[in-house]
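Here is the naming used below: chain letters follow the sequence lines, and residue numbers restart at 1 for every chain.
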2 protein chains.
Amino acid sequence: MSTKRKVYYCPVEFTLDQIAGKWKILIVLQLRFGAKRYTELIKKVRGITPKMLSQHLKDLEQQGIIHRQIFAEIPPKVEYSLTKEGEKLFPIIDSLAQWGSVNMEKEKGSEIV
Amino acid sequence: MSTKRKVYYCPVEFTLDQIAGKWKILIVLQLRFGAKRYTELIKKVRGITPKMLSQHLKDLEQQGIIHRQIFAEIPPKVEYSLTKEGEKLFPIIDSLAQWGSVNMEKEKGSEIV
DNA sequence: CCGTATCCGAATAGATACTG
DNA sequence: CAGTATCTATTCGGATACGG
């Protein structure tokens with residue numbers, strides 16, 4: 001659970017704890033372009049396994065970052081979307097993307113396996 | 001080692017891989033306010049152990065984010081500072097801090113252990 | 001003072017198979 | 001379709017001791 005209470009000495013530390021790991025931000029990134037279903041996310045968030053996706057979707061929902069909507073249909077349909085809270089992560093994503101674009105360039109020339 | 005090569009499908013993923021974990025950003029955060037010595041960092045980066053600090057300082061140096069300067073003195077003196085590359089992480093840190101300040105407030109009222 | 005080495009347990013991540 | 005269950009692999013992290 002990500003509901004452990006602890007003392008945070010600074011806001012940066014707090015945020016890191018909230019969004020740590022390689023998946024949460026990538027999930028939010030995908031949802032930025034509109035609500036998505038579980039299976040869509042599995043495809044779009046490359047490399048994620050069902051287990052990791054479930055786990056992080058649950059966490060993110062509890063944190064109030066995403067919203068989970070169930071449609072009572074056959075076949076079942078569940079859509080995930082960002083809350084207002086979640087949208088506030090955009091600046092973080094943008095800064096990560098910005099830095100990444102610049103520094104990925106630098107790695108051109110090194111081999112990619 | 002953090003030198004494994006892999007394919008990155010997007011800049012955000014690349015960045016996350018570079019700065020993942022709870023320590024790297026916190027170390028950079030401290031160095032933002034000026035060069036610091038090993039022992040100072042141990043004190044300022046609350047909770048970090050010698051092992052983790054060494055490990056991440058080494059990583060960060062290899063990534064070109066920090067600079068390690070050795071002074072030939074007795075007693076030995078080593079100072080760590082940010083490179084130009086490292087300073088480019090400021091926008092990320094700022095956005096993390098911004099989000100954190102806002103959301104830490106919301107947790108007032110919940111108990112802190 | 002500035003680290004490194006080793007050991008070990010805990011936590012995380014991942015592959016894969018299976019279910020309502 | 002939307003997940004869980006299970007099992008294993010990998011990494012993280014802390015304690016402690018030691019070296020230049």
Side-chain angles (χ1 to χ4, degrees), chain A residues 1-9 13 16-27 30-31 34-63 66-81 113, chain B residues 1-9 13 16-27 30-31 35-63 66-81:
Chain A
M1 294 298 104
S2 55
T3 32
K4 317 173 218 174
R5 301 260 167 245
K6 43 173 292 201
V7 188
Y8 292 101
Y9 302 102
E13 192 184 353
L16 286 174
D17 247 43
Q18 295 291 303
I19 63 172
K22 46 187 288 204
W23 297 123
K24 284 186 182 167
I25 287 288
L26 294 177
I27 292 169
Q30 287 305 325
L31 295 180
K36 289 208 167 37
R37 305 173 64 167
Y38 186 86
T39 316
E40 292 180 275
L41 285 171
I42 287 276
K43 283 179 217 147
K44 295 274 190 177
V45 183
R46 304 197 61 153
I48 199 168
T49 58
K51 177 184 170 182
M52 287 296 110
L53 184 55
S54 297
Q55 214 168 84
H56 289 297
L57 286 173
K58 207 169 289 179
D59 269 13
L60 289 167
E61 194 190 356
Q62 282 184 353
Q63 293 171 253
I66 64 173
H67 174 69
R68 181 173 186 269
Q69 179 158 18
I70 308 161
F71 296 88
E73 300 176 1
I74 305 292
K77 177 173 169 182
V78 181
E79 263 189 8
Y80 295 92
S81 56
V113 177
Chain B
M1 294 301 103
S2 55
T3 33
K4 321 173 217 175
R5 301 259 169 243
K6 45 172 291 200
V7 189
Y8 293 101
Y9 303 103
E13 192 185 354
L16 287 173
D17 247 41
Q18 295 291 303
I19 62 172
K22 47 187 287 205
W23 299 123
K24 284 187 182 168
I25 287 288
L26 294 177
I27 293 169
Q30 287 305 325
L31 295 180
K36 288 208 167 36
R37 305 174 63 168
Y38 185 87
T39 316
E40 290 179 276
L41 285 171
I42 288 276
K43 283 179 218 147
K44 295 274 190 178
V45 183
R46 305 195 61 150
I48 200 167
T49 57
K51 177 185 171 180
M52 288 295 111
L53 183 55
S54 297
Q55 214 168 83
H56 289 297
L57 286 173
K58 202 171 294 179
D59 270 13
L60 289 167
E61 194 190 356
Q62 283 183 353
Q63 293 171 252
I66 64 173
H67 174 69
R68 182 173 189 269
Q69 178 158 18
I70 308 160
F71 297 86
E73 300 177 2
I74 305 291
K77 176 174 169 183
V78 182
E79 263 189 9
Y80 297 92
S81 56

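Base contact: S54(A) has a heavy atom under 4.0 Å from a base atom. Among the atoms of the strands shown, only primed sugar atoms or phosphate atoms (P, OP1, OP2) are found under 4.0 Å from some heavy atom of Y80(B).
Of all nucleotides listed (dC2(C), dA13(C), dA2(D)), dA2(D) comes nearest to the side chain of R37(A). Taking only side-chain atoms of K22(A), from C-beta outward, the nucleotide of dC1(C), dC7(C), dG14(C) with the closest atom is dG14(C). For M52(A), whose side chain is taken as the heavy atoms from C-beta onward, the closest listed nucleotide among dA13(C), dT4(D), dC1(C) is dA13(C). Which of dG13(D), dC1(D), dT4(D) sits closest to the side chain of K58(A) comes down to dT4(D). If you check dC1(D), dC7(D), dA2(D) against the side chain of R68(A), the one that comes closest is dA2(D). Out of dG20(D), dT4(C), dA17(C), the shortest distance to the side chain of Y38(B) is found at dT4(C). Ranking dG13(D), dA5(D), dC2(C) by closeness to the K51(A) side chain, first place goes to dA5(D).
Look at CG on L53(B): it is 9 Å from P on dT4(C), rounded to the nearest Å. Taking atom CD1 of I66(A) as the reference point, atom P of dA2(D) lies 13 Å away to the nearest angstrom. Atoms NZ (K77(A)) and P (dG3(D)) sit 13 Å apart, rounded to a whole Å.
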Let's go through I42(B) and T49(B) carefully: what are the C-alpha distance in whole Å and the side-chain angles of both, what is the deciding distance for side-chain contact (heavy atoms from CB on, under 4.5 Å) to 0.1 Å, and is it a yes or a no?
CA-CA 7 Å; I42(B) 288 276; T49(B) 57; over 6 Å; no
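Side-chain atoms of K24(A) and Q63(A) form a donor-acceptor pair, as typed in the model, at a separation below 3.5 Å.
OP1 and OP2 of dC1(C) both lie 4.0 Å or more from every side-chain N or O belonging to T39(B). Applying the 4.0 Å criterion to OP1 and OP2 of dA13(C), one finds that W23(A) has every side-chain N and O outside that range.
In this structure a side-chain-to-backbone donor-acceptor pair under 3.5 Å is missing from Y38(B) to K77(B).
Atom CD of Q69(A) is separated from atom OH of Y80(A) by 11.5 Å, given to the nearest 0.5 angstrom. Put simply, CZ on R37(A) and CZ on F71(A) are 8.5 Å apart, with the number rounded to the nearest 0.5 Å.
Toward the 5′ end of DNA chain D lies the nearest nucleotide of P75(A), the other residue of the pair P75(A) and Q55(A) mapping further downstream. Map T49(A) and E79(B) each onto its nearest nucleotide of DNA chain C; the residue landing nearer the 5' end is E79(B).
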